[in-house]
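Atom set for the values below is all heavy atoms of this structure, side chains included, hydrogens, waters and symmetry mates excluded. Atoms within each ligand, like the ligands themselves, are counted from 1 in listed order.
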Amino acid sequence: MEQNEKRKVVFSGIQPSGNITLGNYIGALRNFSSFPDADCLYCVVDLHTLTVRQNPAELRKRTTSLAALYVACGLDPEENIIYCQSHVPAHAELAWILNCFTYMGELNRMTQFKDKSAKHADNINAGLFTYPVLMASDILLYQTDIVPVGVDQKQHVEICRDIAQRFNGIYGDVFTIPEPYIRKASAKIMSLTEPTRKMSKSDPEDTFIALLDKPEDIRRKIKRAVTDSDGEIRYDPENKPGVSNLLTILAALKNQTPEEAAAVLSGLGYGALKEAVTDAVITEFTPIQQRYNEILADKEGLNAMLRRNAEKADYLARKTLRKVYKKVGLFQL
Ligand code: AQP
């Protein structure tokens with residue numbers, strides 16, 4: 001790297017809105033360690049979870065649990081800024097400003113809003129609608145270059161780019177325009193019971209594998225995963241969504257393509273496929289769970305880490321926010 005070349009900034013976050021799933025792990029979490037030469041921020045985006053009603057005690061517990069999981073998955077908290085969104089007020093402050101630079105029509109097109117409105121028809125709140133603006137603020141506050149996400153979040157990164165370009169068009173180069181980073185093979189893991197739907201942490205337990213599931217639960221859930229009746233192990237997401245989903249999981253964990261994973265098992269039955277997936281998941285998760293238990297045993301150490309890193313994030317976020325306030329004409333003392 002040239003001496004004066006700016007290091008890239010990576011930002012991503014996960015909501016503590018349920019038990020972290022195999023989908024969150026394959027689509028996002030495990031890709032977070034792919035940027036050794038960048039300045040990385042990994043946020044527990046707790047404010048986002050309030051768009052759906054949460055049990056307060058559960059939310060608090062899941063927030064520290066997710067921070068511990070970040071570290072357990074290999075992110076060194078001295079090298080990466082691991083923190084909690086609500087500990088850095090600039091996220092909510094910038095969101096207000098950017099709300100005033102985002103059109104209703106743009107937000108109306110967001111598929112996540114449509115999906116979540118259908119799922120929570122009794123609570124279609126304004127926060128659910130403006131969720132992408134808060135996400136844009138998360139990203140833009142840190143002058144982020146790269147956003148590692150699963151494919152379901154691509155549309156939100158695109159609207160973030162649009163908002164940033166619109167703002168820069170009026171006020172000059174205030175924000176870096178971010179790029180999504182989506183690993184093709186692992187972009188979308190589907191539900192075990194309804195393999196045409198995304199695996200989601202806020203869905204019922206038997207639809208997903210949680211990163212903290214016990215081996216016997218992993219085995220049971222995969223055993224019950226929906227397949228089909230034709231009996232051939234072949235990667236064909238359109239006609240064989242269940243089998244293809246299992247192949248995607250296996251391939252992602254073994255760094256193969258789904259076709260390669262299918263070739264290894266060719267001629268065998270679905271029992272063998274499920275056995276292979278179970279072994280791969282348990283092998284991957286066991287060391288993470290061991291580290292997680294160690295980290296969680298030192299609650300004070302975990303809290304101190306979160307406090308230290310929130311201060312670092314706050315310092316960076318304030319720099320951008322001051323610039324934004326000045327540009328839009330807010331009087332500052
Ligand atoms: N099934 C999935 N396959 C691949 N990637 C996935 N991600 C989520 N589900 C899958 C990725 O995980 C990251 C964290 O997502 P989030 O917590 O911010 O929100 P989400 O996308 O809405 O995740 P969930 O699990 O579906 O949460 P709920 O149920 O609360 O809505 C993102 O990078 C996402 O792409």
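The closest non-hydrogen atom to atom 10 (C) of ligand 1, taken over G150, P180, C43, G23, comes from G23. Considering each of V45, L22, N24, the one bringing a non-hydrogen atom nearest atom 12 (O) of ligand 1 is N24.
Residue S17 has at least one nitrogen or oxygen atom sitting less than 3.5 Å from a nitrogen or oxygen atom of ligand 1, judged on distance alone. Considering backbone and side-chain atoms together, M199 places an N or O closer than 3.5 Å to an N or O of ligand 1. Residue Q15 places at least one N or O, backbone or side chain, under 3.5 Å from an N or O of ligand 1. Looking at I189 next to ligand 1, an N or O pair under 3.5 Å apart turns up. Considering backbone and side-chain atoms alike, K119 places every N or O at 3.5 Å or more from each N or O of ligand 1. An N or O contact shorter than 3.5 Å is missing between T21 and ligand 1 by distance.
Contacts between S200 and ligand 1 below 4.0 angstrom, taking non-hydrogen atoms only, involve backbone and side chain alike. At a heavy-atom cutoff of 4.0 Å, ligand 1 is contacted by both the backbone and the side chain of S202. Within the 4.0 Å heavy-atom criterion, neither part of M190 lies near ligand 1.
Counted by atom type alone, D46 and Q54 present zero donor-acceptor pairs between their side chains at under 3.5 Å.
The V149 neighbourhood of ligand 1 comprises atoms 33 (O), with distances under 4.0 Å to a heavy atom of that residue. Applying the 4.0 Å criterion to heavy atoms of K188 picks out, from ligand 1, the atoms 3 (N), 4 (C). Set against the non-hydrogen atoms of Q153, the atoms of ligand 1 under 4.0 Å away are 19 (O), 20 (P), 21 (O), 32 (C), 34 (C), 35 (O). Near K116, the atoms of ligand 1 lying under 4.0 angstrom from a non-hydrogen atom of the residue are 22 (O), 28 (P), 30 (O), 31 (O). Taking a cut-off of under 4.0 Å to the non-hydrogen atoms of A28, the atoms of ligand 1 that pass are 12 (O), 13 (C), 33 (O).
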Passes salt bridge (Lys or Arg N to Asp or Glu O under 4.0 Å), R197 versus D203? Steps please. CA-CA 11 Å; R197 288 173 46 135; D203 281 346; 3.3 Å; yes
Kindly indicate, with the supporting measurements, whether the criterion salt bridge (Lys or Arg N to Asp or Glu O under 4.0 Å) is fulfilled by E275 and K223. CA-CA 8 Å; E275 196 59 39; K223 211 170 189 173; over 6 Å; no
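Two rings, from H91 and Y142, have their centers less than 6.0 Å apart.
The aromatic rings of F32 and Y42 lie parallel to each other, their planes meeting at an angle below 30°, with 60° marking the opposite boundary.
Considering all non-hydrogen atoms of both residues, L140 and L98 come closest at CD1-CD1, 3.9 Å.
For the pair E284 and K254, the salt-bridge criterion is not met [side-chain N within less than 4.0 Å of a carboxylate O]. For the pair E106 and R166, the salt-bridge criterion is met [side-chain N within less than 4.0 Å of a carboxylate O].
Heavy atoms of I26 stay at 4.0 angstrom or farther from ligand 1.
Because its NZ or CZ atom is not both nearer than 6.0 Å to the ring centre of F208 and within 45° of the ring axis, K201 does not count as a cation-pi partner of that residue.
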